[in-house]
Protein chains: 2
Amino acid sequence: MKGKATSFDIAHHAGVSQSTVSRALRGSPLVNEETRRRVIEIARELNYKVDKNASNLRAQQSSTLAVLLFEDPTSDDSQINPFFLSMLGSITRACAKEGYDLLVSFQSSSNDWHADYAETHRADGIILLGYGDYIDYQSKFARLLDTDTKFVCWGASVDGRPELTVSCDNHLGGRLVAEHFIEQGRTNCAFIGDASHHSPEFSARFNGFEERLQESGKHVSERKVATAISTEESGYQATKSLLANDIPFNALFGASDLIAIGAIRALQEVGLRVPQDVSVVGFDDIAIARFCSPPLSTVQQNTTLAGQMLVANLLNLIAEQAVDLPNSILPPKLIVRQSSQ
Amino acid sequence: MKGKATSFDIAHHAGVSQSTVSRALRGSPLVNEETRRRVIEIARELNYKVDKNASNLRAQQSSTLAVLLFEDPTSDDSQINPFFLSMLGSITRACAKEGYDLLVSFQSSSNDWHADYAETHRADGIILLGYGDYIDYQSKFARLLDTDTKFVCWGASVDGRPELTVSCDNHLGGRLVAEHFIEQGRTNCAFIGDASHHSPEFSARFNGFEERLQESGKHVSERKVATAISTEESGYQATKSLLANDIPFNALFGASDLIAIGAIRALQEVGLRVPQDVSVVGFDDIAIARFCSPPLSTVQQNTTLAGQMLVANLLNLIAEQAVDLPNSILPPKLIVRQSSQ
DNA sequence: CTGAAAGCGCTTACAG
DNA sequence: CTGAAAGCGCTTACAG
């Protein structure tokens, strides 16, 4: 009878009805403690485990969340941004703590999302992760809202539904970087990333950065901004193109760590020293940042907290409870390492 | 009727029986093509999706695999070894390609594994990932075998069941590193890792390394071996303790990249230059290896292939088909970077 | 090729 | 506190 026992088997052995077995095992108060003990004991002996498919079907919920990790369309297929991998880790832990299983799926952001986890009852809700095109997303969000799918999103905000988003205070993060450069007297700044409205997170970082600079009477010249997606290679190429313009700068803000690391490679390649000639700061604080050369200054996002909040907010949404908006914006923290001092 | 349609609804609209709807949607040949087209069309209109809980329950299988990532008991809770994260990525892709969903769970290797994914029918099979204590694992493997759970394991072999393992040829990997050191005339070697039988992968790397050295009439003195688990900090500490012995060496093999990176930090801290004074090679080729300072030479494991094979072998196991053993050992590849030349 | 029916293994009103 | 019964939404023999 290896791994095959059903609640009827337990009921038979315990001399009670199958309903009672179910109640006892689910911790229902409607069951005598002595009976419960006996049922639990027998269930253990027979190595009985509740069949999740059956209980999910009956209870019309799956106790499972799904995380969709969508990748930049042009990014290297094999390399996932370590930042999101780290988020994935904290989401996994947060789910486990809440007694939920976690389904993981990678999606290329160019395709339609396989968002039918909810519709097929495989998951009660969905967590969306990824840097991508904001404009592109809104229609996909609309489809999710249309099918009444419960979801929360990291970073990109959903039109008119701020409670569906958890994000870092990217604007403040950008300000912190500018402040740091100002303190060092490095105000001839370049920015590598995407300052357009296609990348809400990157542009918020840029806007905060620019805002703080302007408060000091400085600003980032348009000619010192180059567009890049969040990969090392893209950061490298964008910086190369900037250097080709032959316009000097003494500080560079990369919209993500991967971009900043690529930028450092491009700078070093033409003989510029980091930080002596150009001070470089990234964003994310991925594990690599500590170990690259020179160690990278960056704006840290608290992924542990982020994962917990994504899960907590999603579970609230599923339970149809109000989600506490103000707490869903996490504070960034500047980490100064050698690349900027 | 948003997202609520059942197969009966489709049947009603299409003027056929519910059985026919099910057959049509599952691609059964027992259905007229014209009928099928109509059913599919109506299903799309009504945004009907098959309820996975119901179909799983009825068909007694879940089309889901679970991956258990167990972590070194002493490793930092927040940081998962990037190597396994990368494996996780390739497993996720491989699953998707096979039409399977993937559940992810982190387990601390000290605890009992929550291996009841199979018993509760949440997953058809389990993939085990992690560096850990081999001795400790055998009893856990025994329990899985006992409950007739389908599983495959990365790295650590299961007593008497070689077909359940996919791994890198760690012994050959160790040989490659020794060969590289010999070519450079760096044969006064140290090893940081765990050469005991508790860590089968690490000790295989060590044994291959030692074997090749001995073929050249050299060997690793016991006093130049220090034990470490796969974290940067542990590699750092182990190297410190080795340096404290004041026995010189001019080459160091770290059993994993994280260990090697910690070793480099320890070496540089006491003023030893890498690679001029000590040549360093790691194992895994995690993303960080390319970016650390100096860039780390290492033995690359093909995680994409590894993920595919783990999934393929597990699916074979589930289908009760013979698993092709010889192919389950992947070739390692030496990547030479600055840290060793 | 199609339909009526059984049944997967639970949860949960309903009735005591 | 307990039991008999209905039913979650499918898949799949069985009978045409």
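Within every chain, numbering begins at 1; the chains are lettered A, B, ... in the order of the sequence lines, protein sequences first and strands thereafter.
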OP1 or OP2 of C:dG9 under 4.0 Å from side-chain N/O of B:Q60: yes
Any side-chain donor-acceptor pair under 3.5 Å between A:N313 and A:S328? yes
Rounded to the nearest angstrom, tell me the gap between atom OH in B:Y48 and atom C1' in D:dG9. 7 Å
Residues forming a side chain to side chain donor-acceptor pair (under 3.5 Å) with A:T303, sequence neighbours excluded: A:S86
For a quick test of reading the model: is some side-chain N or O of A:S7 closer than 4.0 Å to OP1 or OP2 of C:dC10? yes
Taken in chain and number order and not counting sequence neighbours, the residues that satisfy ring-ring contact (aromatic ring centres under 6.0 Å, His included) with B:F84 are B:Y131
Between the side chains of A:T147 and A:T149, is a donor N or O closer than 3.5 angstrom to an acceptor N or O? yes
To the nearest 0.5 Å, tell me how far A:Q308 CD sits from A:N302 CG. 8.0 Å
Secondary structure of DNA chain D per the Watson-Crick/G-U criterion (both distances under 3.5 Å; [ ] crossing, | other strand, . unpaired) is |||.||||||||.|||
Of A:R26 and B:T35, whose closest DNA chain C nucleotide lies nearer the 5' terminus? B:T35
A:H121 side chain reached by A:N56 side chain, heavy atoms, under 4.5 Å: no
C:dG16 and C:dT12, which share atom name C1', separated by this distance in whole Å: 16 Å
What is the distance, rounded to the nearest whole Å, between atom CG of B:N56 and atom P of D:dG9? 15 Å
Set out, line by line, the N/O atom pairs under 3.5 Å between protein and nucleotides 14-16 of chain D.
none

Mind checking if B:S19 touches a base, just sugar-phosphate, or nothing, with heavy atoms under 4.0 Å? base
Would you mind writing out the side-chain donor-acceptor pairs for residues 20-28 of chain B within the sub-3.5 Å range, not counting sequence neighbours?
unit_1, atom_1, unit_2, atom_2, d
B:T20, OG1, B:S17, OG, 3.2
B:S28, OG, B:L30, N, 3.0

Please round to the nearest 0.5 Å and tell me the distance separating atom CD of A:E33 and atom CZ of A:R37. 6.0 Å
Choose from D:dC10, C:dC10, D:dG3 the nucleotide whose nearest atom is closest to any side-chain atom of A:D51. C:dC10
Would you indicate, yes or no, if D:dG3 has its OP1 or OP2 atom less than 4.0 angstrom from a side-chain nitrogen or oxygen of A:T20? yes
Touch class at under 4.0 angstrom, heavy-atom based, for A:S55 against every strand present: sugar-phosphate
Output yes when at least one side-chain N/O atom of A:Q18 is less than 4.0 Å from OP1 or OP2 of D:dT2, else no. no
According to ring-ring contact (aromatic ring centres under 6.0 Å, His included), who are the partners of B:F151, at least two apart in sequence or on a separate chain? B:F141
Is there a side-chain contact between B:S22 and the phosphate of D:dT11, meaning an N or O under 4.0 Å from OP1 or OP2? yes
